[in-house]
Every structure is written in structure tokens, then in C-alpha cells.
Amino acid sequence: PKGDKGKKCRKKRKERRERRKNKKNKKKNKEDKKENPPGTERPGHQNLCRRRPLHVDFKDVQWTDWIVAPLGYDAYYCDGTCPFPLSDNLNTTNHAVVQTLVNGVDAQAAPTACCVPTTLSSISMLYMDEHDKVILKNYDDMVVEGCGCR
Amino acid sequence: ELITSTYTQSTYRTATSGAPPPLTEEQKKKAVAALESSLLTLFGFSRRPRPSKGVVIPQYMIDLYRQQSGDTDTPIPAVYTRKHSSSPANTVRSFFHEDEVQLHECGTDNCARIWFNVTYIPQSEVLTDAELRIYVERNHTHEPDIDKVLRHKLQVFEIMKPVSKDKESISRLIDVQDIIVQNSSWVSLDVHPAVLKWKNKPRENHGLEIRVVPHRNYPSSNPLTHVRLRRATEVEQSEWNIQRPLLVTYTDDGKASSLSRTKRSSDSDDNNDADDDIEENAESDTKKKRKRKRKKC
């Protein structure tokens, strides 16, 4: 189509293309992260604060006799350094910036910012209590979704 | 902290770098104990529950869990017959009726009296809903008229005073459901007012009376043959455990987000206090939603 309509269509098409490109890049970044788990960083790469895999298996604490489901869950945990300057995605509080900065000038009393969970999600658990009653309960803040410096 | 410092870090390194710092038996025990205690704290238990062996897990609870955890690989049967609305509940409990508590018989074949022990519901939790689930079976092998549609009325009464042998019981009707017996299915009855009363005053729990009334236009010879209220002698215990009536309560402890399940509104004088609680919860929910919207903007 020609005229204003055509312009709009072209613009929309361009936007769509860009969105697709961004999506692809995001996917690639995710895959890269998966391929390089903590401890396997290449030399020169900093061990930055981020989410690490952690599977809690209820079998380890022999809880399978009272927990019906799930048998375990991916809890994840946060680990890594919070170096200065803090990137936007890691900076959860302005205080973290100050803390990291002060820590950087050899002031031992100022602890460096901590790598902590910033977003958490819930899990559902089906279990039996001591009265032999079957209970389904939702537990908040059990899975780490995102990490940041604080 | 405990997890990262001891147990998982070491096991993780084992898997990745191939240079694990070996854990001694004592360290392992300590790590597991630390993991157990931290998990128990997270789950809000003082000690780990030790249920007796052979506890029957109702299929409905498993289905609810599957629905809640988004298990889409396995098909979920259409057992959710109750109408859903919005009210917070993060805990679902299931109860079988107590076989040891023998209530006097109703006197008719189409009636059964059952008693549930709901004292296990903590007082701190707000009861948002309660449903009684009853299995209605259509056994095609024993019935000559397969195509015939059977209609019954299922009534549930709360027994108000202890039942004696000679006198008739005083009861109040809580819910009625019209059932069409075409295929085997579950029927859900709203017993929220009764359970709420029992939770607040356990002494006033005299049980429930369930009546199966044949439909006027579709009289059936014996409606109780389709509705599983009592265990028949020929029915195995394992089969009965699947088919027996089940009381399901929905409560909220105010600590966690609600399960994606809801409540049907019920009008009762007894549950005014609880309704206030529910209203408060609803208000806080709307505030949260507004906040979330603002954040998004």
C-alpha cells in the first residue's frame, strides 16, 4: 500500500523485525549463561553476582516419607562479586553503590555489597502432617528468580 | 548461607570443575542437618512430621497439586465441579469422615450421617471455603438401561443437636445439588457455614446428614446405589478409599500468596466474622493489585 497506510505498515514491519532480533539475542544470552556455569568462567571474566543452579532434593534429608510432591525443587541461589561500577541490573539500592565504592578505597569497616536474591517465587507442596492429614500448601519466596547487589 | 557454604558448593564443584574438596562423614551429616533445619524453618515446622504408614492420599488433592504446579504433561480430569470466585487461600486440607464415630442411622436407605474431625485446622488460619465431595457412580455393567438418564437431588444438612435413637434429629439444610447420573463423577456440596461453625466451636460438631432424593419426574428405584455414602460389603477397602466422601477445606494463614483457587460466596449469619476477614483480605488484594499496576506504569 502507498501513502500513510504504507508508511505505517513499513514502520510496523520494522518494529516486528527488531523485536524478533531482540528476542533472538536474549535467547542467545540465556544459552550462553547456561553453557558457562559458575566455576567455569574464562580467565579475565569476573565472577559476577548472578543466579546459580541449586537443586534441593528432599531425598537428601529423607523427607520423602511425608512429602508427597514435589520430590525436590530448583531453588537456585545467588553468588558472585559486586564490583564497582555496579551495572544497572545488579544495583538494587543506591546504598550498594556507596558501599562498594567505600569498600574499594580500602576501608575495611565498610563491607562490600552482598549478592542477594531480589525476586523470589513460590512453590506448592503436597504433604502429610503428623495427624495423617493430607495438605496442599503454597510457600512463598522459595525459588530465587533474580539476584542483585545490596 | 548454610547451603552455599557447605553442602551445595562442594557438590556443585564436584560436577563442574572436577576438583572437589572431599567432605568427611561428619561434615556431610552436619550439612544435611543444617539443610533440614533451614528447610523446616522455611516451611514453618518446629520438627519434621512423622505420619503413620498407609495414609491414603485423595486423588483430588493430587489433581489440585498438578493443577497448581502447572503440570500440563498429564491430562487433568474434569473433577472441579465447584464454581470459582476470588478469595485468598493458600492451604488446602482434606478429611475423610471418622469411621469410629458411629452416629445413629437416619432410618431410611437414602440417607447417611457422617462426622469429620476438623479440629486439626489451626485457629490462626482463616477458613475461606469448604466443600464436601461425593462420588456418584454409574455402573453400566449392572444396569440394563444404559441410555436411561437418572436424576437425583443431593441434600446436605448440618445436624444441630446430638442425634438420639428415639427422637428425630434437628438439622438445617446447607446445600442442594441436582445430579444427573450419566457417567461416574464427583459432586461438590458447599459446607462452608457448618465447617466454619465447627472450627470456632468444636463442641457443636454433630456431623452431617446427606440425603439422596429421587427426582419427581425421574423416580429411581434405589438412588443410593449410585451415590457412595456408605461402604458396601462387596467393595474393597482400596476401592472405598477412592470413592468415599471427602471434605476439603480452604484456609489462609496470611503468610503466603494464595493458591489459584477460589470460593463461592455463601450467606450465613454464622460466618459474619469470617466474612469480615475475607473482606479485609479482598481489600488488601485490590491494594496490592493497584500497587502492581502503578509499578508497571
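Just so it is clear, the values below take in all heavy atoms, side chains as well, and ignore hydrogens, waters and symmetry mates. Order of the sequence lines fixes the chain letters, A, B, ..., with proteins taken first and strands second; residue numbering starts at 1 for each chain.
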What distance do [X] atom [atom1] and [Y] atom [atom2] have between them, rounded to the nearest 0.5 Å?
X         : Y         : atom1 : atom2 : answer
Leu126(A) : Leu64(B)  : CG    : CG    : 9.0 Å
Gln68(B)  : Ser122(A) : CD    : OG    : 7.5 Å
Thr249(B) : Lys133(A) : OG1   : NZ    : 10.5 Å
Ile135(A) : Tyr65(B)  : CD1   : OH    : 15.5 Å

**Prompt:** Looking at Asn117(B), Thr251(B), Leu40(B), which has the largest count of heavy-atom pairs under 4.5 Å with chain A?
**Reply:**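 Sorted descending by pairs with chain A, the first entry is Leu40(B).
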
**Request:** State whether the number of non-hydrogen atoms from other residues, nucleotides or ligands found under 6.0 Å of Gln123(B) atom CD is greater than 12.
**Result:**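 Yes.
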
**Asked** Got more than 12 heavy atoms from elsewhere within 6.0 Å of CD, Glu145(A)?
**Response**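 Result for CD/Glu145(A): enclosed.
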
Mind checking whether [X] and [Y] have side chains closer than 4.5 Å, heavy atoms only?
X         : Y         : value
Lys137(A) : Asp253(B) : yes
Trp63(A)  : Leu39(B)  : yes
Glu130(A) : Arg47(B)  : yes
Arg48(B)  : Trp66(A)  : yes

**Prompt:** Okay, side chain of Asp132(A), backbone of Ser52(B): is any donor-acceptor separation there less than 3.5 Å?
**Reply:**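 Yes: the side chain of Asp132(A) pairs with the backbone of Ser52(B).
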
**Message:** Given heavy-atom pairs under 4.5 angstrom as the criterion, report whether the side chain, backbone, both or neither of Val68(A) touches chain B.
**Reply:**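 Just its side chain gets close to chain B.
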
**Asked** By a 4.5 Å heavy-atom criterion (distance strictly below it), what part of Val56(B) contacts chain A: side chain, backbone, both, or neither?
**Response**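 Answer is backbone: N, CA, C or O of Val56(B) sit under 4.5 Å from chain A.
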
**Request:** Let me know if Phe96(B) has heavy atoms under 4.5 Å from chain A in its side chain, its backbone, both or neither.
**Result:**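 Neither part; nothing is under 4.5 Å.
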
**Step-by-step side-chain contact (heavy atoms from CB on, under 4.5 Å) determination, Thr91(B) to Leu136(A)** = CA-CA 6 Å; Thr91(B) 313; Leu136(A) 171 68; over 6 Å; no

**Message:** Salt bridge or not between Asp129(A) and Arg93(B)? Use side-chain N to carboxylate O under 4.0 Å.
**Reply:**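 Arg93(B) and Asp129(A): not salt-bridged.
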
